[in-house]
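These notes concern the structure reproduced below.
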Amino acid sequence: MGTAEERPGPERGEARTAGEEFEIRIKGRVGEAFRTAFAELAVTVNPPETILHGAGLDQAALYGILDRIQALGLELVEVRRLPGGRGGANGPGSARRT
C-alpha cells in the first residue's frame, strides 16, 4: 500500500475525466438571461425541463456549472455523463439524480 500521494484520490482520479460530455436537466423553462449565464453550454428548452449539454467538461467545470445553478435558485433534476466519453471512476453513462 502506497502513500496518499501515490494513490489516486478523488482529485486525481476525477481530474482524469476531462473531456467528458454531460447533460444537465433543470426544472422549468428559462429565458435569455439564463442562456447568457451558461454561454459555454448548449441550452434546449423541452418543457417541463431545460436541458444543458456540455462537451469537453472536466470536474472543475462541472462543479462550477452546478454552483451557478444553485446560486440562481434553479431546481436541478438530473446530471448525467453521456456515453462515448473517456469514462471516469463510475464509467460512461453514470448518473446522479436529485
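Computed from heavy atoms alone, side chains included, the values below leave out hydrogens, waters and symmetry copies.
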**Side-chain ion pair, R35 and E40, N-O less than 4.0 Å** = no
**Request:** Give the intermediate values and the outcome of side chain to side chain contact (heavy atoms under 4.5 Å, CB included) for residues F34 and L74.
**Result:** CA-CA 10 Å; F34 175 88; L74 301 168; 2.9 Å; yes
**Message:** side chain to side chain contact (heavy atoms under 4.5 Å, CB included) for T44 and L52? Distances and angles first, verdict last.
**Reply:** CA-CA 6 Å; T44 305; L52 307 174; over 6 Å; no
**Residue of the set I51, V77, L76 for which side chain to side chain contact (heavy atoms under 4.5 Å, CB included) holds with I24** = L76
**Prompt:** When you measure from the side chain of T50 to the backbone N and O of N46, does any donor-acceptor pair fall under 3.5 Å?
**Reply:** no
**Asked** What distance do R81 atom CZ and E20 atom CD have between them, rounded to the nearest 0.5 Å?
**Response** 5.0 Å
**Request:** Taking all non-hydrogen atoms of both residues into account, name the closest pair between A61 and D58 and its distance.
**Result:** N-OD1, 2.8 Å
**Message:** Return the CD1 to CD distance between I26 and E78, rounded to the nearest 0.5 Å.
**Reply:** 11.0 Å
**Item:** Residues R29, V45; criterion side chain to side chain contact (heavy atoms under 4.5 Å, CB included); working and verdict
**Value:** CA-CA 6 Å; R29 296 171 45 158; V45 178; 3.5 Å; yes
**Asked** Side chains of F22 and L41: does their closest heavy-atom pair fall under 4.5 Å?
**Response** no
**I69/E75 under side chain to side chain contact (heavy atoms under 4.5 Å, CB included): CA gap, chis, key distance, verdict** = CA-CA 8 Å; I69 290 168; E75 185 176 338; over 6 Å; no
**Prompt:** Do the side chain of R25 and the main chain of E49 share a donor and acceptor less than 3.5 angstrom apart?
**Reply:** no
**Request:** Using a cut-off of 6.0 Å, state whether more than 12 heavy atoms not belonging to R68 lie near its atom CZ.
**Result:** yes
